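Note sheet for the following structure.
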Amino acid sequence: MQIRVRLFATLRQQAGWAQQLLDVPAGTTLDGALAAIDSAYPSLAIGRRTFYAAVNQEYAQGEQLLREGDEVALFPPVSGGGAVAE
Amino acid sequence: MQIRVRLFATLRQQAGWAQQLLDVPAGTTLDGALAAIDSAYPSLAIGRRTFYAAVNQEYAQGEQLLREGDEVALFPPVSGGGAVAE
Amino acid sequence: MKLFEITAQPLSLDEVARRVVRPDCGAVATFAGVVRGTTATQEGVRGTDFLNYEAYTEMAEALLARIAAEIQGRWPKVVAVSIVHRVGRLEIGESSVVIAVAAPHRGDGCFEACQYAIERLKAIVPIWKEENWADGQVWVEGPRQPELVSHLGVPGAL
Amino acid sequence: MKLFEITAQPLSLDEVARRVVRPDCGAVATFAGVVRGTTATQEGVRGTDFLNYEAYTEMAEALLARIAAEIQGRWPKVVAVSIVHRVGRLEIGESSVVIAVAAPHRGDGCFEACQYAIERLKAIVPIWKEENWADGQVWVEGPRQPELVSHLGVPGAL
């Protein structure tokens with residue numbers, strides 16, 4: 001099945017892309033997809049950094065089962081709001 | 001000596017004036033001035049209502065001594081700020 | 001640009017916020033008091049047509065500055081405070097008062113200072129409002145303030 | 001008119017306040033997060049040239065709405081909440097986020113709700129900023145949020 005992978009901020013910049021379609025086996029969990037992303041895009045180095053993952057715009061746990069067409073987003077700790085170092 | 005008497009809100013409306021000059025003896029206190037105002041302008045009925053008094057834009061106690069040219073203001077409890085009955 | 005002002009002009013949050021923001025400020029808290037058209041009371045919903053505000057301008061502006069000084073004492077990281085109160089006829093939905101407090105960080109007391117400013121304004125600043133309906137009008141008197149000396153007009157009867 | 005919005009347009013406190021004021025509201029509390037030009041640190045004053053903000057728009061707007069729902073649960077007298085965050089390049093002194101909370105009375109929780117909204121926004125809403133100086137730039141990462149599951153990329157290593 002196919003999922004959509006989206007990256008933001010540092011992750012997007014390191015990878016050099018913001019959005020990719022990725023083929024994963026049916027029944028893949030979020031953890032499975034993260035492993036697939038790690039081997040498909042080693043430059044992301046997601047094994048060596050802390051990040052958050054969302055499935056269909058909801059923060060998600062590793063064991064969550066994915067479905068065809070799901071949107072998986074990876075991003076660093078958020079820093080919106082006010083000034084720098086607020 | 002002469003003092004300036006200013007009224008605001010209900011007091012101004014009841015008296016029909018906003019500002020008057022009043023002659024009082026030298027050495028008059030705020031309380032003395034209030035008594036003089038009460039007899040000069042009985043329609044104000046300041047003996048029968050609660051109000052605040054300021055001398056030269058400062059809330060003042062009855063025993064404060066007045067000087068020539070002082071501004072004595074009388075007004076009801078304040079109600080600035082937001083909406084009605086806020 | 002005055003930080004503490006009684007004015008007959010319509011008020012703008014953006015304009016008052018600009019009076020306080022400095023290059024080292026990352027946080028601005030504001031408060032607007034707005035003329036309500038309807039008020040829920042125990043007797044049901046009450047309507048208002050418009051309000052008239054009157055101020056003892058010189059004393060009011062001096063006391064607004066004093067409130068800001070009190071804020072600087074309580075929240076020393078606050079950089080600037082502006083308080084502007086409108087007078088004259090105000091229609092439903094218009095702002096009667098706008099307060100803006102700027103600080104380097106949002107945790108530096110800007111919210112608390114803003115709330116403190118409106119509480120103090122309502123307690124001590126000589127401004128009054130007259131409520132107007134289709135069939136009448138009344139001056140609104142706030143509650144008596146124990147911290148202020150009130151008078152009864154008869155010498156000695158404080 | 002959206003109450004929860006990610007936008008590339010400049011923000012206005014007045015405009016966002018208008019999104020929340022209803023005829024039964026007498027109090028509006030707002031907060032603006034402003035781009036600071038200088039920041040005092042232990043190593044001295046640090047300067048910033050400008051910031052770039054990026055958002056995961058769909059998820060960010062959904063979470064802003066969720067924060068407002070949390071506010072309605074905690075402060076049920078609050079009438080309306082609007083949270084608008086800007087993205088793109090922001091200069092010193094411009095607002096990155098504006099929050100407005102309207103309530104019938106100033107004691108109905110509008111100040112507390114406004115403060116709660118900015119705290120929650122900074123904790124959970126997927127927005128990031130890149131700080132730019134004359135000689136470089138860096139993406140700012142906020143602190144890790146214990147309430148959110150973080151990942152380390154290796155299955156099982158949550």
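Side chains are part of it too, since the values below use all heavy atoms of this structure and drop only hydrogens, waters and symmetry mates. Owing to the predicted nature of the structure, the values given are computational and were not obtained by experimental measurement. Just so it is clear: chains get the letters A, B, ... in the order the sequence lines come, proteins before strands, and each one is counted from 1.
Per-residue heavy-atom pair counts under 4.5 Å with chain D were compared for C:Ala32, C:Ala100, C:Ala29, and the maximum is reached by C:Ala32. Between chain D and the residues C:Thr30, C:Asp24, C:Val101, C:Val21, the largest count of heavy-atom pairs under 4.5 Å involves C:Thr30.
Side-chain contact check for C:Glu119 versus D:Arg106: some heavy-atom pair is nearer than 4.5 Å.
With a 6.0 Å radius and a threshold of 12 heavy atoms from other residues, nucleotides or ligands, C:Lys2 has its NZ atom above the threshold.
No donor-acceptor pair closer than 3.5 Å links the side chain of D:Arg36 to the backbone N or O of C:Pro23.
Closest of all the heavy-atom pairs between D:Phe111 and C:Phe31 is CZ-CD1, 3.4 Å.
Taking non-hydrogen atoms and a 4.5 Å limit, the residue list of residues 3-18 of chain D in contact with chain C, ordered by number, reads D:Ser12, D:Leu13, D:Asp14, D:Ala17.
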